[in-house]
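Side chains are part of it too, since the values below use all heavy atoms of this structure and drop only hydrogens, waters and symmetry mates.
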Amino acid sequence: MRTLSPRALFWISEASYVVLALVTGCFFAGSLVSLLLQAVRTAPTRSWRNNWNAVCVAATYVLVFLVSITLCIRRRVAVRKRLQRISKVYTTVNRTQAPKAIREYISQEFSRACLVSYECQPRHIIHPGWGRPGTEYCGIRFRRALLDTIADIDAKAHLVIPSHPRLKPHARMLHHFRFILPLLPKDGDGLTSLHYYDSAIQLARTSHREPTEEEFLIGMLAANEIGKILNECRIEMLEDSNVRLTSPVA
């Protein structure tokens with residue numbers, strides 16, 4: 001069942017208060033008019049002149065109205081004063097500001113809440129595509145983490161090769177990073193880190209199932225290796241530029 005937002009509840013409460021005040025005012029005015037008419041009809045002269053009953057009724061209603069307004073104003077002022085006494089900043093409660101029984105009760109409830117939250121933590125539960133609790137990958141979504149590495153590697157590639165093409169949304173990593181492929185070493189099967197990274201990214205993009213932890217590790221290791229090689233190339237470029245600037249001109 002859909003619940004109302006706090007803002008909607010606030011406006012409903014305010015509207016209900018206004019409607020209740022209007023209905024009460026209507027009944028108040030209606031009873032006043034009825035009593036005044038009754039006082040006129042029961043008077044010997046059947047007029048407003050020298051009609052002390054009508055004067056008493058009117059004075060009573062005016063007095064009740066003034067007393068009601070006074071009580072409402074006093075209530076509002078008292079509530080505002082009490083709210084103003086509440087500190088808007090966090091203040092630590094000292095031992096002298098609370099009885100011992102209250103301090104012990106707060107400590108027991110806090111300890112109980114901590115124990116309940118600790119016992120409620122998931123254990124020995126594996127959610128597809130998420131890191132297992134208690135491991136270094138706890139709380140990490142494999143698909144999102146793999147896809148987030150694309151922008152980082154692309155930025156490093158542009159630092160090494162300024163004319164590197166812009167990243168397209170659905171471009172294969174093997175095609176997009178083809179210009180840095182010669183910089184990457186090959187393994188025994190003749191594959192580079194970019195090949196493994198491309199496979200992991202394609203799996204994260206197009207597969208209906210979530211990536212496993214092993215697939216996530218393969219993709220992240222490949223991404224880290226590519227980023228490390230690009231950083232080394234960037235450092236070598238900067239060092240070569242410094243050497244050229246500091247070397248004397250023949």
Taking atom [atom1] of [X] and atom [atom2] of [Y], what is their separation to the nearest 0.5 Å?
X	Y	atom1	atom2	answer
Arg41	Asn53	CZ	CG	13.0 Å
Leu22	Tyr17	CG	OH	10.5 Å
Leu221	Ser193	CG	OG	9.0 Å
Lys100	Ile102	NZ	CD1	13.5 Å

By salt bridge (Lys or Arg N to Asp or Glu O under 4.0 Å) - contacts of Glu215 (at least two apart):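 For Glu215, the residues satisfying salt bridge (Lys or Arg N to Asp or Glu O under 4.0 Å) (neighbours in sequence not counted) are Arg209.
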Cluster question for you: counting only ILVMFWY and a side-chain heavy-atom cut-off of under 4.5 Å, with indirect links fine, are [X] and [Y] together?
X	Y	value
Val57	Val62	yes
Ile218	Ile140	no
Ile153	Met237	yes
Ile201	Tyr196	no
Ile73	Phe65	yes

Does atom [atom1] ([X]) have a neighbourhood of more than 12 heavy atoms from anything else shown, all under 6.0 Å?
X	atom1	answer
Tyr105	OH	no
Arg132	CZ	no
Glu214	CD	no

To check you understand the geometry: which heavy-atom pair defines the closest contact between [X] and [Y], and what is its length?
X	Y	result
Leu36	Ala54	CD2-O, 3.4 Å
Gly219	Ala200	CA-CB, 3.6 Å
His195	Thr192	ND1-OG1, 2.8 Å
Leu203	Arg143	O-NH1, 4.0 Å
Glu225	Pro185	OE2-CG, 4.1 Å
Leu194	Phe177	CD2-O, 3.5 Å

Is it the case that the side chain of [X] and the backbone of [Y] share a donor-acceptor pair, with hydrogens and angles ignored and the cut-off at 3.5 Å?
X	Y	result
Asp189	Leu191	no
Thr42	Ala39	yes
Ser13	Leu9	no

Does the side chain to side chain contact (heavy atoms under 4.5 Å, CB included) test come out yes or no for Ile229 and Cys233, once each step is laid out? CA-CA 6 Å; Ile229 293 174; Cys233 293; 4.3 Å; yes
Do [X] and [Y] touch side chain to side chain, with heavy atoms closer than 4.5 Å?
X	Y	value
Pro165	Phe179	yes
Leu167	Met173	yes
Trp130	Tyr137	no
Leu230	Arg234	no
Glu210	His127	no

If we check side-chain contact (heavy atoms from CB on, under 4.5 Å) with Ile226, which of these qualifies: Asp152, Ile180, Leu183, Asn231?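 Going through Asp152, Ile180, Leu183, Asn231 one by one, the side-chain contact (heavy atoms from CB on, under 4.5 Å) with Ile226 is satisfied by Ile180 alone.
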Sorted by first residue and then second, give each side-chain hydrogen bond (donor to acceptor under 3.5 Å, both in side chains) pair with at least one member in residues 160-180; sequence neighbours left out.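 Residue pairs passing side-chain hydrogen bond (donor to acceptor under 3.5 Å, both in side chains), neighbours aside: Asp154-His176, Arg172-Asp198, His175-Arg178.
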Restricting to pairs with a member in residues 63-83, which pass side-chain hydrogen bond (donor to acceptor under 3.5 Å, both in side chains), not counting sequence neighbours?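 Non-adjacent pairs meeting side-chain hydrogen bond (donor to acceptor under 3.5 Å, both in side chains): zero.
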Between Asn224 and Tyr197, is there a side-chain donor-acceptor contact under 3.5 Å, judged purely by atom types and distance?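 Per modelled atom types, Tyr197 and Asn224 side chains form no pair under 3.5 Å.
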